[in-house]
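Data first, discussion second: the structure below is written as structure tokens.
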Amino acid sequence: MSGVPAPHPDYAVTALVLQGGGALGAYQAGVYQGLAEAGIAPNWVAGISIGSLNSAVIAGNPPERRVEQLRAFWEFICRQPWWPSLPAVPAGAAVAGAIPDVWRPLVDCFDAARAVLEGQNGFFVPRPWYALCQPAGGPHTASVYDTGPLRATLERFADFERINRPDEMRVAVGAVNVRTGNFLYFDNKRQTLRPEHFMASGALPPGFPAVEIDGEFYWDGGLVSNTPLQYVLGARPREDALIFQIDLWSAVGELPKDLLQVAVRQKDIQFSSRTRMVTDTMVEEQHYRRLLHQAMELVPEEKRHTEWYRRAAELACAARRNVIHLIYRDKPYESYAKDYQFGALTMHEHWSSGLADMKATLQHPEWLDKPGESRPFVTHDLHRTRPNEAAVKDQQV
């Protein structure tokens, strides 16, 4: 990496959009390392669930320390307190083959069971069994696990004074109001973000409790939408934007052949965000906004001071958008527990996958070019359709 990473010079906005997915979130950290090594840093990061926690660490550190702090954060929460760690994997080392694939289901099952029974270091701990049998003590305790340790962890790895500098980096995380069911974003352009805003974005029930913020209680934003992509694309003012959308669940997958595969496939579909649907919709919307913008240029100057012209100007848009889409691809041995399998070996494996996918994406530097005026919205997707084969799908209007 040469120098300090910076936003892409051809765009007003360079955004990193991070989906929810629990333990799979280490993939996003690897993707960010690939961006940093290429000298590209976002000036806007938006996340849901584990994506919001990664967002806090990224936004809460100076560019030159973000990869280091992401690594420290993930190694901290994946620490195994009472059982000897699996063979250590140095940062950046290859993890493939560290343990034969035939043994991985057993190892992963053990790590997932440990998380269920013990919790995760600095993240969540099980409530005592007798507490689960007592009458409800309120939204704070209506959960299987207590996420109290997460506050101290966020404050350890993220500087919240830095997070609340929107002129340096805009930060937005999504959550759901438990009482009203309304989905909303906590945005440092509109409010001061505290640890509880990020904790609320990742408070997936019934495992984690609702988080109270200013008298209201919030759950994980993934209950409604597992990606902030539409929020970023719809933000005003509408500006030229390069957006890296990092998904942890794939909408496309194999047909299940047994009940366990059915459960895995159901979770993939449920949390996959319909990113392609969002981009298809936004492509169509941008097409009409551009047509409106072109039509308004034909309006005589003396007619441009009316209320209808002002309202049309708010809807029109000539901004150009480029969405780079990366999706984590399951390993053959992964199971239903992949999002709460926080083993150290698996974490490094996810990280390495994200780094490799980002490097493969950046082997196409033309993908970062600003779209032309005639095709203002483009997407580039790196898909692994079969083992050891990558396919690229570009969509333009």
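Throughout, numbering of the chain's residues begins at 1 and tracks the sequence. Just so it is clear, the model here is predicted, and its values are computed rather than measured.
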Would R194 and D214 satisfy salt bridge (charged side-chain N to carboxylate O under 4.0 Å, His left out), going step by step from the backbone distance to the final call? CA-CA 11 Å; R194 307 185 299 273; D214 301 329; 3.6 Å; yes
Run the side chain to side chain contact (heavy atoms under 4.5 Å, CB included) test on M358 and Q33 for me, step by step, so that the C-alpha distance in whole Å, both residues' side-chain angles and the decisive distance to 0.1 Å come before the verdict. CA-CA 8 Å; M358 190 70 255; Q33 180 182 346; over 6 Å; no
Salt bridge (charged side-chain N to carboxylate O under 4.0 Å, His left out) between K338 and D268, worked out: CA-CA 11 Å; K338 60 187 176 182; D268 281 339; 2.8 Å; yes
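Applying the ring-ring contact (aromatic ring centres under 6.0 Å, His included) definition to pairs two or more places apart or across chains, those involving residues 207-226 are F123-F208, F124-F208, H140-F217, F186-Y218.
Formation of a donor-acceptor pair under 3.5 Å by the D159 side chain with backbone atoms of G60 is not found in this model. Side-chain N or O atoms of S52 include one that pairs as donor or acceptor with a backbone N or O of S49 at under 3.5 Å. A donor-acceptor pair is defined here as one N or O able to donate and one able to accept, closer than 3.5 Å; such a pair exists between the side chain of N43 and the backbone of A12. The main-chain N or O of W249 is never found under 3.5 Å from a side-chain atom of D247 such that the two would form a donor-acceptor pair. The main-chain N or O of S143 is found under 3.5 Å from a side-chain atom of R127 such that the two form a donor-acceptor pair. Of the possible polar contacts, one joining the Y145 side chain to the V116 backbone as a donor-acceptor pair under 3.5 Å is found. Here the side chain of R71 pairs no donor or acceptor atom with the backbone of A29 at under 3.5 angstrom. In this structure a side-chain-to-backbone donor-acceptor pair under 3.5 Å is missing from N177 to N182.
Annotation: the span from E75 atom CD to L70 atom CG amounts to 11.0 Å, rounded to 0.5 Å. Atom CD1 in I40 sits 11.0 Å away from atom CG in L16 (nearest 0.5 Å). Residue R321 holds its CZ atom at 7.5 Å from CZ of R238, rounded to the nearest 0.5 Å. With values rounded to the nearest 0.5 angstrom, L53 atom CG is found 7.5 Å from I77 atom CD1. Rounded to the nearest 0.5 angstrom, H350 NE2 and L24 CG are separated by 5.0 Å. With rounding to the nearest 0.5 Å, the separation of CD in E37 from CG in L35 is 10.0 Å.
The closest side-chain heavy-atom distance from K303 to Y309 is not below 4.5 Å. Side-chain contact between L242 and I324 is present, with heavy atoms from C-beta onward closer than 4.5 Å. In this structure, L223 and P205 have side chains that are in contact, with non-hydrogen atoms separated by less than 4.5 Å. Between V176 and D220 the shortest side-chain heavy-atom distance does not fall below 4.5 Å.
Using modelled atom types and a 3.5 Å distance limit, the side chains of R66 and Y32 yield a donor-acceptor pair. Side chains of D357 and Y27: a donor-acceptor N/O pair is present below 3.5 angstrom, by distance only. No side-chain donor-acceptor contact under 3.5 Å links D111 and Y340. Remark: the R79 side chain and the Q120 side chain contain no N/O donor-acceptor pair separated by less than 3.5 Å. There is a side-chain donor-acceptor pair under 3.5 Å between S250 and R329. Between the side chains of Q19 and T227, no donor N or O sits under 3.5 Å from an acceptor N or O.
For R320 and F377, the positive end is not near the middle of the six-membered ring at less than 6.0 Å and at most 45° from its axis.
Looking at residues two or more places apart in sequence or on another chain, you find a side-chain contact (heavy atoms from CB on, under 4.5 Å) between N188 and N164, P166, R170, V171, L193. Shown here are the ring pair (Phe, Tyr, Trp, His ring centres under 6.0 Å) partners of Y11, two or more places apart in sequence or in another chain: H8. Not counting sequence neighbours, the partners of A15 by the side-chain contact (heavy atoms from CB on, under 4.5 Å) test are V13, W44, V232, I243. Under the ring pair (Phe, Tyr, Trp, His ring centres under 6.0 Å) criterion, F160 pairs with F198, not counting sequence neighbours. Partners of T306 under the side chain to side chain donor-acceptor pair (under 3.5 Å) rule, at least two apart in sequence or in another chain, are W308.
Ring geometry, H364 versus W367: the interplanar angle falls under 30°, so the pair is classed parallel (tilted spans 30 to 60°).
Nearest heavy atoms, E68 versus R65: OE2-NH2, 3.1 Å. The two residues A158 and I163 have their closest heavy-atom pair at CB-CD1, 4.1 Å. Residues S201 and G47 share a closest heavy-atom pair of OG-O, 3.9 Å. Closest approach of G34 to L362, counting heavy atoms only: O-CD1, 3.9 Å. The minimum heavy-atom distance linking A112 with A337 is given by the pair CB-CB, 3.5 Å. Closest heavy-atom contact between N54 and G25: ND2-O, 3.1 Å.
Remark: K331 does not engage E334 in a salt bridge, criterion side-chain N to carboxylate O under 4.0 Å. Comment: K267 engages D339 in a salt bridge, judged by a side-chain N to carboxylate O separation of less than 4.0 angstrom.
When the side chains of ILVMFWY residues are joined at heavy-atom separations under 4.5 Å, either directly or via intervening members, Y333 and M347 end up in two distinct hydrophobic clusters.
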